[in-house]
Amino acid sequence: MSFRVSAMSVLPPVRRDRIIAHLPQYFRKEAALHTEDDFHNKVKTACQEQRTGTVGFKISKVIVVGDLAVGKTCLINRFCKDAFDKNYKATIGVDFEMERFEVLGVPFSLQLWDTAGQERFKCIASTYYRGAQVVIIVFDVNDITSLGHVRQWLEDALKENDPTSVQLFLVGTKKDLSSPAQYSRIEQDALKLAQEMKAEYWAVSSLTGENVQEFFFRVASLAFETNVLAELEKSGSRQIGDVIRINSTSSNLYTTSKKKQLSCCQ
Ligand SMILES: Nc1nc2c(ncn2[C@@H]2O[C@H](COP(=O)(O)OP(=O)(O)OP(=O)(O)O)[C@@H](O)[C@H]2O)c(=O)[nH]1
Ligand SMILES: [Mg+2]
């Protein structure tokens, strides 16, 4: 008797509120990773024709960094657990949550790494930065100092990753505590910084939930889109020749992979 266990049969179905059928829009046009109305046509076709290769089985790593108490843990908890705790409990080292989505009918998972902002835990936390596809840098819209530290967080996160392939987001939290006038002042600075860093800018409130789901849907969608495009490029260049290459020199398997291996301690 043959017995097959596939990932699909082991995992429970994706939650109905994690199904993404259209590209969620950016928050601010002037600081968006791209401003297209919908998913790339190539991506839509590939999903329809089920030509997404291994994308559906991969898990994309997302790291969330930023100063202590800016609201990183609350942001993740609002999205993953629909909960909010007004008491501050510092993250010690790191925590992570898995979130499963279905994008254009294809399963897609994000592994969200919540890191510690406190200086004394930073050293442990930074050992988990490596291999991130998405970096989310968080600041508090009521605290200009936390915005000032964003560049340092970026530098630390990119040390452990390939800067050319990371998708970057800059997120202002605690929007509920800010008056519209105060908010729009800090937004000017945040937008400028986001543009310089080539990051997509968002402002959210984990207390009210404002923009939280929209933000994570956008992250999942853009990460997914990038992965499908990369997969298509790979399969486009592979074709018949690759079978021959695999059979003849196995070392080619490694030389075709461009992934950079960075050392942890420098
Ligand atoms: N009003 C309001 N308070 C918030 C919001 N997000 C977080 N807070 C509060 O800010 C404090 C810090 O939140 P955390 O999410 O624990 O901060 P963190 O960035 O994870 O801090 P570390 O783990 O030390 O790096 C807590 O008291 C939260 O209740 C928000 O959107 N609105
Ligand atoms: Mg925390």
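Atoms within a ligand are numbered from 1 in the order they appear, just like the ligands themselves. Here the structure is a predicted model, which means the values were calculated and not measured. Computation of the quantities below employed the complete heavy-atom set of this structure, encompassing side-chain atoms and omitting hydrogens, waters and symmetry-equivalent molecules.
Here Leu207 is tied into one hydrophobic group with Phe84, each link being a pair of ILVMFWY side chains closer than 4.5 Å.
Heavy atoms of other residues, nucleotides or ligands lying less than 6.0 angstrom from CD of Glu196 number more than 12. Within 6.0 Å of the NZ atom in Lys44, the count of heavy atoms belonging to other residues, nucleotides or ligands exceeds 12.
Taking every non-hydrogen atom of Ser205 and a distance limit under 4.0 Å, the qualifying atoms of ligand 1 come out as 31 (O). Heavy-atom proximity to Asp176, at under 4.0 Å, picks out these atoms of ligand 1: 1 (N), 2 (C), 30 (C), 31 (O), 32 (N). With ligand atoms numbered from 1 in the order given, ligand 1 contributes 22 (P), 25 (O) to contacts under 4.0 Å with heavy atoms of Gly117. Those atoms of ligand 1 with a heavy atom of Asn87 less than 4.0 angstrom away are 27 (O). Listed by number with element, the atoms of ligand 1 under 4.0 angstrom from any heavy atom of Leu207 are 1 (N), 30 (C), 31 (O), 32 (N). Ligand 1 places these atoms under 4.0 Å from at least one heavy atom of Leu177: 1 (N). Taking every non-hydrogen atom of Thr91 and a distance limit under 4.0 Å, the qualifying atoms of ligand 1 come out as 22 (P), 23 (O), 24 (O).
Classified by interplanar angle (parallel below 30°, tilted 30° to 60°, perpendicular above 60°), the ring pair Phe79/Phe101 is parallel. Between Trp202 and Phe27, the angle of the ring planes stays under 30°, which puts this pair in the parallel group of the 30/60° scheme. The aromatic rings of Phe224 and Phe39 lie perpendicular to each other, with more than 60° between the two planes, well past the 30° mark.
Side-chain N/O atoms of Glu231 and Asn227 include no donor and acceptor closer than 3.5 Å. For the residue pair Thr226 / Gln167, a side-chain donor-acceptor distance below 3.5 Å is found, with atom types taken as modelled. Counting only N and O atoms by type, the side chains of Asp176 and Thr208 include no donor and acceptor under 3.5 Å apart. Checked by atom type, the side-chain pair Ser205/Glu210 shows no donor-acceptor distance below 3.5 Å. Between the side chains of Lys58 and Thr54, a donor-acceptor pair is found at a separation under 3.5 Å.
Atom 3 (N) of ligand 1 has as its closest protein heavy atom Phe84 CZ, 3.7 Å. Taking atom 5 (C) of ligand 1 as the reference point, the nearest protein heavy-atom neighbour is Lys174 CG, 3.5 Å. Nearest protein neighbour of atom 31 (O) of ligand 1, counting heavy atoms only, is Ser206 N, 2.8 Å. For atom 18 (P) of ligand 1, the nearest protein heavy atom (residue, atom name, distance) is Lys72 N, 3.5 Å. Shortest contact from atom 14 (P) of ligand 1 to any protein heavy atom: Gly71 CA, 3.7 Å. The single protein non-hydrogen atom nearest to atom 27 (O) of ligand 1 is Lys86 O, 2.9 Å, given as residue, atom name and distance. Nearest protein heavy-atom contact of atom 16 (O) of ligand 1 is Tyr88 CD1, 3.4 Å.
Judged by the shortest distance from any of its heavy atoms, Phe121 lies outside the 4.0 Å radius around the atoms of ligand 1. Heavy-atom distances between Asp85 and ligand 1 reach below 4.0 Å in at least one pair.
On a distance-only criterion, Val70 and ligand 1 share at least one N/O pair closer than 3.5 Å. At under 3.5 Å, not a single nitrogen or oxygen of Val204, backbone or side chain, sits near a nitrogen or oxygen of ligand 1.
Asp67 meets the side-chain hydrogen bond (donor to acceptor under 3.5 Å, both in side chains) test with His149, Trp153; sequence neighbours excluded.
In this structure, Lys175 is positioned above the aromatic face of Tyr183, its NZ or CZ under 6.0 Å from the six-membered ring centre and within 45° of the axis.
Heavy-atom proximity to atom 28 (C) of ligand 1, evaluated over Cys74, Ala125, Ala69, Gly93, is greatest for Cys74.
Residues Ile124 and Val94 form no side-chain contact, since every pair of their non-hydrogen atoms from C-beta on lies 4.5 Å or further apart.
For residues 21-33, the salt bridge (Lys or Arg N to Asp or Glu O under 4.0 Å) pairs, not counting sequence neighbours, are Arg28-Glu187.
Protein N/O/S atoms nearer than 2.8 Å to the Mg ion (ligand 2) total 2.
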